[in-house]
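For reference, the structure is listed below as structure tokens.
Residue numbers start at 1 and run along the sequence shown. Ligands are counted one by one from 1 in listed order, and the atoms in each one are counted from 1 as well. Bear in mind that the values here come from a model prediction, so they are computed numbers and not experimental data.
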Amino acid sequence: MSFNDGLGFSNSYYLATAHQAATHPALAGEAEADLVVVGGGCTGLAAALYAARRGLSAVVLEGGRVGWGASGRNGGLIIPGLRKSAGDLVRVYGAERAKALLELAFQARDLVVDLIAEVGIDCDLKTTGHFLGAIKASDPRWMEAEARCLTDVIGYPHARFLSSVEARAVVDTPYHGGLFDEGGGHLHPLNYTLGLARAAVAAGVTIHENTKVTKVQNGARVRVETDAGVVTARHAVLAGDALLEGVAPAVHSAIMPVANYIVATASLADPRALIPGDAAVSDSRFVVNYYRLTADGRMLFGGGERYTPAAPADIAAFVRPYLEAVFPALRSAALPYAWGGLVSVTQTRLPHVGRQGEVWFAHGYSGMGVVLSTLAGKLLVDAIAGETDQFDLFAAVAPPPFPGGVALRGPLHVLGMLWYALRDRL
Ligand SMILES: Cc1cc2nc3c(=O)[nH]c(=O)nc-3n(C[C@H](O)[C@H](O)[C@H](O)COP(=O)(O)OP(=O)(O)OC[C@H]3O[C@@H](n4cnc5c(N)ncnc54)[C@H](O)[C@@H]3O)c2cc1C
């Protein structure tokens, strides 16, 4: 996929530790199905899997390889909820709607944990919690209020505020305290995605890799074209997220691709000295630092964003200062793996879920897609089957397109993002 090239995936820890997986032939010629899915990441594979479980024939068209998008290259942090705080959701949508939205989002974590157990996906799953570290001295005020809102208004009892002293037992770096959510954790995202693909195929799904969709035509039957073939289907799901590019500009203009970078160290002598309870950790910066340990005891660390399409010439050197600022003990540590990917963000940081005729879509999880993507794929198919409650909840809060659409969202949004990134530095 052109847009995803140059982000160093060939040098990713995930590719180096991926389980052996089947390859899938490219589409050639014409095919028919009940559902055609564009994109072989977790959104698309979950849609296809749950469609097949409902007895629908499903075909997935993936432009690259399964899991080569964000699903196979992300930080692997399971962060329960949405990218908007419970407090903000209550302020904007009222308590009842905020509760319904968050209850749905929290289901994503259980859906993924249960699916991993049910179909037997070996992906280093750890249900060790997620800690959000407070960067600013003023953060504890809103974090304590957030913990209270989650418990009292949303009815979610799993998150609590930790003081700076308590936080130090979670991670060996100074924070002004933070929010610990027992529902969080982490996993190996590429092995999860490959496992999802295996489960989908076992349920009867057909996958075509190296099959880039060039045109999607809505109608009584949706027609999806590639250079070498056509699939016609009753319904289509667009699951290309940040990589969807020109196929559906009207849909795609609600999301903004932002490049984000990750490194992994060599296995550490004493990884638990840094994160004793093996939690997933992120912080309250606008340009978030996020990190966790891998199953073989490495520090896997994401930090730094770029708003230009070109990747830094040396990704490890680009991320290193962020890593060393959090863990001085890792100064000069070897960084054998370094890669990047495209995160899709929306203006409101809520997912963009919706439909145009029989073309359904879900994307823009704004850095929270490790578990939300599987949920979104499922709820699209539930809606296609007539169970629209969950779909309606998200569709009703669909974020607006970026001003200026696909052409102008870049420059305008970049200005905004740079402003917030600058505030982090100040
Ligand atoms: C560096 C990075 C770190 C992240 N860290 C985290 C994290 O720690 N926790 C978290 O919750 N979220 C994280 N995210 C976000 C998360 O990875 C995504 O939200 C999620 O993976 C999106 O899944 P998806 O299936 O919708 O899209 P993707 O996984 O990107 O899949 C889309 C697929 O569609 C294919 N495609 C696109 N267009 C076409 C076309 N025209 N024809 C055919 N195929 C097409 C692509 O090749 C791709 O494989 C991170 C993202 C990145 C990039």
Does an N or O from [X], backbone or side chain, lie closer than 3.5 Å to an N or O of ligand 1?
{"X": "Gly67", "value": "no"}
{"X": "Ile262", "value": "no"}
{"X": "Gly72", "value": "no"}
{"X": "Gly369", "value": "yes"}

Tell me, do [X] and [Y] make a side-chain contact under 4.5 Å, heavy atoms counted?
{"X": "Leu82", "Y": "Arg349", "answer": "no"}
{"X": "Val224", "Y": "Val59", "answer": "no"}
{"X": "Arg109", "Y": "Thr127", "answer": "yes"}

Using a 4.0 Å heavy-atom cut-off, say whether [X] meets ligand 1 through its side chain, its backbone, both or neither.
{"X": "Val247", "value": "side chain"}
{"X": "Tyr261", "value": "neither"}
{"X": "Thr214", "value": "neither"}
{"X": "Leu342", "value": "backbone"}
{"X": "Val38", "value": "side chain"}

Going by the closest heavy atom to [atom], which one wins out of [options]?
{"atom": "atom 35 (C) of ligand 1", "options": "Lys212, Arg65, Glu62", "answer": "Glu62"}
{"atom": "atom 32 (C) of ligand 1", "options": "Ser366, Gly340, Ala239", "answer": "Ala239"}
{"atom": "atom 53 (C) of ligand 1", "options": "Ala248, Gly39, Gly341", "answer": "Gly341"}
{"atom": "atom 25 (O) of ligand 1", "options": "Thr43, Leu45, Asn210", "answer": "Thr43"}
{"atom": "atom 14 (N) of ligand 1", "options": "Asn74, Ile79, Asp241", "answer": "Asn74"}
{"atom": "atom 13 (C) of ligand 1", "options": "Gly367, Ala259, Ser373, Gly377", "answer": "Gly367"}
{"atom": "atom 23 (O) of ligand 1", "options": "Ser71, Ala376, Gly246", "answer": "Ser71"}

From Tyr50 atom OH to Leu115 atom CG, the distance as rounded to the nearest 0.5 Å: 4.0 Å

Presence of salt bridge, Asp124 and Lys126, under 4.0 angstrom: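 No, this pair does not count.
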
Is there a donor-acceptor contact under 3.5 Å from the side chain of [X] to the main chain of [Y]?
{"X": "Ser12", "Y": "Leu15", "answer": "yes"}
{"X": "Ser366", "Y": "Val345", "answer": "no"}
{"X": "Ser57", "Y": "Asp34", "answer": "yes"}
{"X": "Arg292", "Y": "Leu187", "answer": "yes"}

Quick check on contacts: which atoms of ligand 1 are under 4.0 angstrom from a heavy atom of [X]?
{"X": "Leu243", "answer": "37 (C), 38 (N), 46 (C), 47 (O), 48 (C)"}
{"X": "Leu61", "answer": "43 (C), 44 (N)"}
{"X": "Gly63", "answer": "43 (C), 44 (N), 45 (C)"}
{"X": "Tyr290", "answer": "1 (C), 2 (C), 3 (C)"}

Tell me yes or no: between the side chains of Tyr175 and Asp139, is some donor less than 3.5 Å from an acceptor?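 No - no donor-acceptor pair under 3.5 Å links their side chains.
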
Does a donor on one side chain sit under 3.5 Å from an acceptor on the other, for Tyr290 and Asn74? no

Is there a heavy atom of [X] sitting under 4.0 angstrom from any atom of ligand 1?
{"X": "Gly76", "value": "yes"}
{"X": "Cys42", "value": "yes"}
{"X": "Thr193", "value": "no"}

Qualifying residues under salt bridge (Lys or Arg N to Asp or Glu O under 4.0 Å), relative to Asp172, sequence neighbours excluded: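 Residues passing salt bridge (Lys or Arg N to Asp or Glu O under 4.0 Å) with Asp172: Arg168.
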
Paired with Phe318, the ring-ring contact (aromatic ring centres under 6.0 Å, His included) test is passed by just one of Tyr261, Trp339, Phe301, namely Tyr261

Only distances under 3.5 Å count here; give the side-chain donor-acceptor pairs of residues 353-363 to other protein atoms, sequence neighbours excluded, each with its distance to 0.1 Å.
residue, atom, partner, partner atom, Å
Arg355, NE, Gly357, O, 2.9
Arg355, NH2, Gly357, O, 3.2
Arg355, NH2, Glu358, OE2, 2.8
Glu358, OE1, His235, ND1, 2.5
Glu358, OE1, Trp360, NE1, 3.1
His363, NE2, His352, ND1, 2.9

